[in-house]
Enquirer: 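Attaching a single structure in structure tokens format; questions to follow.
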Amino acid sequence: MKQQKFVEVKAGIDDADVLIRKMDLEARSLQPSVKAVLLAKLREYKSDLNQLKREFKRVTSPNANQASREELLESGNADVHSASAEHRERMAMSVERLNESSDRIMESRRTILETEELGISILQDLHQQRETLLHSHNKLHGVDDAIDKSKKVLTAMSRRMTKHKWIIGSVIGALIFVIFLILYFKLFHS
């Protein structure tokens with residue numbers, strides 16, 4: 001019976017130790033404002049747990065039986081019961097504080113997950129907007145190329161028009177010269 005209680009208490013202390021380690025890891029990954037408060041609480045829990053470990057070690061050590069007998073003889077059964085009740089009460093309070101901290105850490109974790117989901121959603125929106133901007137940029141680049149080609153065509157057409165104007169002007173000038181030459185020969189040589 002006594003051995004079974006020792007095993008149960010040892011398992012409880014081990015579970016509390018694992019919980020404190022997990023909470024410590026979680027608390028260290030939180031924001032600095034929340035982190036400081038949680039780490040201070042965790043130090044208290046660690047201190048309480050270490051005290052419980054020392055007490056448990058003292059009670060379960062080979063010399064503990066002799067010390068316990070002497071303690072029982074000296075202080076009587078009433079003191080032992082009140083001391084163990086006090087230890088149980090402290091352990092219950094420590095477990096309750098651990099549970100509260102665990103709940104707070106779980107709430108913080110939920111908040112972090114919600115924030116992460118919101119961040120993912122925002123990143124997806126930004127990715128879609130980036131794709132839209134890249135698509136628009138490519139379209140504008142295509143339009144810019146078309147405008148450049150149009151400018152080249154218009155420049156070539158303008159050159160041809162200028163060339164044609166000179167040719168037409170030369171032909172008209174030659175015709176006028178020929179007309180004057182014909183008139184000159186008709187008027188002065190006839």
Enquirer: Could you measure the distance from the CZ atom of F177 to the CD1 atom of I182? Nearest 0.5 Å is fine.
Expert: 10.5 Å

Enquirer: Quick one: side chain to side chain donor-acceptor pair (under 3.5 Å) partners of R54, sequence neighbours excluded?
Expert: none

Enquirer: Go through the structure and list residues passing side chain to side chain contact (heavy atoms under 4.5 Å, CB included) with R21, not counting sequence neighbours.
Expert: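 Partners of R21 under the side chain to side chain contact (heavy atoms under 4.5 Å, CB included) test: D17.
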
Enquirer: How is the hydrophobic cluster of I179 composed, in terms of its other members, when Ile, Leu, Val, Met, Phe, Trp and Tyr link through side-chain heavy atoms under 4.5 Å apart, directly or indirectly?
Expert: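 Besides I179, the hydrophobic cluster comprises L183, listed by chain and residue number.
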
Enquirer: I'd like to check the salt bridge (Lys or Arg N to Asp or Glu O under 4.0 Å) partners of D15; sequence neighbours left out, ordered by chain and number.
Expert: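 Salt bridge (Lys or Arg N to Asp or Glu O under 4.0 Å) check on D15 returns nothing, list empty.
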
Enquirer: Hey, does the side chain of T155 reach the backbone of K151 with a donor-acceptor pair shorter than 3.5 angstrom?
Expert: yes

Enquirer: Can you give the donor-acceptor pairs under 3.5 Å from side chains of residues 120-149 to other protein atoms, not counting sequence neighbours?
Expert:
from : atom 1 : to   : atom 2 : distance (Å)
T132 : OG1    : Q128 : O      : 2.9
S136 : OG     : T132 : O      : 3.0
N138 : ND2    : L134 : O      : 3.4

Enquirer: List the atom pairs, with distances to 0.1 Å, where a side-chain N or O of residues 160-176 and a protein N or O form a donor-acceptor pair under 3.5 Å, not counting sequence neighbours.
Expert:
from : atom 1 : to   : atom 2 : distance (Å)
T162 : OG1    : S158 : O      : 2.9
H164 : ND1    : R160 : O      : 2.5
S170 : OG     : W166 : O      : 2.7

Enquirer: With sequence neighbours left out, write down each residue that passes side chain to side chain contact (heavy atoms under 4.5 Å, CB included) with E55, or none if nothing qualifies.
Expert: R58, V59, H87

Enquirer: With sequence neighbours excluded, what pairs up with D24 under the side chain to side chain donor-acceptor pair (under 3.5 Å) test?
Expert: R28

Enquirer: Please go through M93's hydrophobic cluster and name the other residues, only I, L, V, M, F, W, Y counting, with side-chain heavy atoms under 4.5 Å joining them.
Expert: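 Members alongside M93: none; it stands by itself.
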
Enquirer: Suppose we screen for side chain to side chain contact (heavy atoms under 4.5 Å, CB included). Which residues come up paired with I13, at least two apart in sequence or across chains?
Expert: V9, L49, K53, F56, M91

